[in-house]
Amino acid sequence: MEQTYSDFIGFIQKSLTDNWDLDALTDYEGTTLQYKDVARKIEKLHILFENAGVKEGDKIALCGRNSANWAVAFLATLSYGAVAVPILHEFKSTQVHDIVNHSEARLLFVGDLVWPTLNADEMPHLEGIVYIPDYSLKVSRTEQLTQAREHLNEYFGRKYPKYFRKEHVQYRKAGSEELALINYTSGTTSNSKGVLLPYRALWSNLAFAQQELGDKLHRGDHVISMLPLAHMYGMSFEFIFEFMTGCHVFYLTRVPSPKIIFKAFSEIKPHIVISVPLIIEKIIKKSVLPKLQTPSMKVLLKLPFINTKIREKVREQMVAAFGGRFYEIIVGGAAFNSEIEEFLHKIGFNYTVGYGATECAPIISYADWKEFKPGSCGKAAPRMEVKINSSDPQNEVGEILVRGANVMLGYFKNPEATAAVLDKDGWYHTGDLGIIDEDGFIYIRGRSKNMLLGASGQNIYPEEIEDKLSTLPYVSECVVIQKSEKLYGLVFPDFDEAQKAGLDEEGLRAVMEQNRKDLNAMVASYEQLSGIRIMQEEFEKTPKRSIKRFLYENAEV
């Protein structure tokens, strides 16, 4: 590849002009923007920023569910020279306030579901809040911004008196180490880490996708965006790559329930599917497995000759469930259920599993489905090195270390956290454990970070939920575990205190149920507990007195 890292914004410009009359972004069952509409909206936002006094390097936050207008605001921010701060819309209002304040954002683009939950007074340094659905102003604290928005169409008309054309799309160049965006790995103040991602990392992820999938995806092809745009996985591989290719991206603006997903797949027929394990598992459990559980089917599957035919039939049904014309399904973000993966492999399904981290924007490893090894998560991506920190990387589990063009600059205003994960030789210490085979395939054996993954790809840090749970009445120790897509709390109560308070077993259960409700009011929707199980004995500990959480991952709930 001849491009330099700084070409990233050039890709935005080129895609807009090359694909001018093609459909670009659609809110599913809503409006469609063509590439020329996107270009015009970007230009209007540039005029708004300029007249409101926004300078290059200023931070602009975005918090709302996936939509065409969210995507446009993001592209406008980068191409103007500002730094984007995407925020997951499921975060609690206090978390959003904290991130907006910590990031020093001057403007906030806010979605329809998020806006009613926020309190502008909690974000005193913001100059304005822009409503994503129509770019109207919800809050303006400067005369400049108010004027800019009120006269926007007039300014646009004055600048382009005839009409806005392709040749008017002229954007700046960005340096490879220049900051493109800050992506927060978590929404709580104490553990909030703003990952500083330079243009080099965005460019390298785009170049990776073009190299691996560029001949599989073409102008005008369809893709469905199910993962949050504010999450690097969804942003890089369900939006940026496809947009730069001239594809037509459909946003499932509502929560992607299996029913909506099925309908969308059958209508849109995407050419590639990017997903997290839970969505794939849901579809298999709902549409395929029930048909295989009949007694006659079970017998037939065991017969060697009919077996192949039936497998082909099952594979056909699986392919049809995802629209029937995709090249492959790329799964990432968490470990696949081993039974489901074995089933997919057995029927010869075209799936592959990748591995990444926000700190790598996000890709670390990948392999095309035709060469992918089940149980692995591919091989090191182009421009990335991967090594296992152990004396025998093929057999002895060690921490996974990565280095290369995708790696972040560090954490915003947090040199201690940066120093803890980025060493002097540029290796990023992932906190994940694994081995690497002789062909370079990586096998994850555990997460020392203990991170869990929500159904739509949100990062869940159980320690943060446990932190809050342990402050509630009669909770002595606790562990949060995940069962399919639900979270549960395992609690060892303070039985002495409960006894003193005259609580019997039923009374203690009632208190824990109240604790569950109180906790759920404090955390994001995808961090809420579905139940609490009372443990009769203390949790087993290491010599350092930390709980051996791996012993409880499969506990009954």
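These figures come from a predicted structure and were not determined experimentally.
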Side chains of [X] and [Y], donor plus acceptor under 3.5 Å:
X	Y	value
Tyr199	Glu177	no
Ser204	Asn406	yes
Thr245	His218	no
His345	Tyr351	no
Tyr526	Gln458	no
Tyr411	Glu359	yes
Asp368	Tyr327	yes
Asn19	Arg219	yes
Asp23	Tyr35	no
Lys370	Asn350	no

Where [X] and [Y] come nearest, the two heavy atoms and their spacing:
X	Y	result
Gly426	Arg403	O-CG, 3.5 Å
Met384	Ala405	SD-N, 4.0 Å
Ala381	Ile363	CB-CG2, 4.0 Å
Ser470	Asp467	OG-O, 2.9 Å
Gln528	Asn520	NE2-O, 3.0 Å

Stepwise side chain to side chain contact (heavy atoms under 4.5 Å, CB included) check, Tyr251 with Arg65: CA-CA 9 Å; Tyr251 293 109; Arg65 57 188 172 158; over 6 Å; no
Any side-chain heavy atom of [X] sitting closer than 4.5 Å to one from [Y]?
X	Y	value
Arg549	Pro462	yes
Leu206	Gln210	yes
Leu252	Ile224	yes
Phe109	Ile129	no
Ile330	Trp369	no
Asn414	Lys193	yes
Leu196	Leu181	no
Val386	Ile364	yes

Checking side chain to side chain contact (heavy atoms under 4.5 Å, CB included) for the pair Leu16/Ile42: CA distance, chi angles, key distance, verdict? CA-CA 10 Å; Leu16 289 170; Ile42 287 173; 4.0 Å; yes
[atom1] of [X] to [atom2] of [Y]: how many Å apart, nearest 0.5 Å?
X	Y	atom1	atom2	value
Ile99	Met123	CD1	CE	11.5 Å
Thr31	Asn69	OG1	CG	7.5 Å
Ile347	Glu342	CD1	CD	12.0 Å
Phe237	Glu212	CZ	CD	10.0 Å
His271	His248	NE2	NE2	12.0 Å
Lys379	Asp437	NZ	CG	9.0 Å

Stepwise, does the side chain to side chain contact (heavy atoms under 4.5 Å, CB included) test hold for Ile280 with Val331? CA-CA 8 Å; Ile280 306 295; Val331 179; 4.1 Å; yes
Using 30° and 60° as the class boundaries, would you call the ring planes of Phe208 and Tyr366 parallel, tilted or perpendicular? perpendicular
Return the orientation label for the Phe74 and Trp70 ring planes: parallel under 30°, perpendicular over 60°, tilted otherwise. parallel
Strictly under 6.0 Å, is that where the ring centroids of Phe265 and Phe322 end up? yes
Evaluate salt bridge (charged side-chain N to carboxylate O under 4.0 Å, His left out) for Glu527 paired with Lys92, printing each intermediate quantity in order. CA-CA 10 Å; Glu527 295 172 317; Lys92 288 282 179 195; over 6 Å; no
Knowing that exactly one of Val491, Leu490, Val479 qualifies, which makes a side-chain contact (heavy atoms from CB on, under 4.5 Å) with Arg533? Leu490
Pair Lys216, Asp221 - check salt bridge (charged side-chain N to carboxylate O under 4.0 Å, His left out), show working. CA-CA 10 Å; Lys216 317 286 192 305; Asp221 281 358; over 6 Å; no
Apply salt bridge (charged side-chain N to carboxylate O under 4.0 Å, His left out) to residues Lys483 and Glu556 and explain how you reach the verdict. CA-CA 9 Å; Lys483 292 276 181 174; Glu556 289 296 319; 5.5 Å; no
Using the rule given for salt bridge (charged side-chain N to carboxylate O under 4.0 Å, His left out), can you reason through Asp432 versus Arg445, listing the C-alpha separation, both sets of side-chain angles and the distance that settles it, and then say yes or no? CA-CA 8 Å; Asp432 295 328; Arg445 291 287 180 257; over 6 Å; no
What do you reckon, is CD of Glu385 surrounded by more than 12 foreign heavy atoms closer than 6.0 Å? yes
In terms of heavy-atom contacts, does NZ of Lys486 have more than 12 from other residues, nucleotides or ligands at under 6.0 Å? no
Quick one, Ile400 with Asn389, criterion side chain to side chain contact (heavy atoms under 4.5 Å, CB included). Give me CA distance, side-chain angles, the key distance, then yes/no. CA-CA 6 Å; Ile400 301 170; Asn389 199 5; over 6 Å; no
Run the side-chain hydrogen bond (donor to acceptor under 3.5 Å, both in side chains) test on Asn183 and Thr358 for me, step by step, so that the C-alpha distance in whole Å, both residues' side-chain angles and the decisive distance to 0.1 Å come before the verdict. CA-CA 7 Å; Asn183 203 300; Thr358 304; 5.0 Å; no
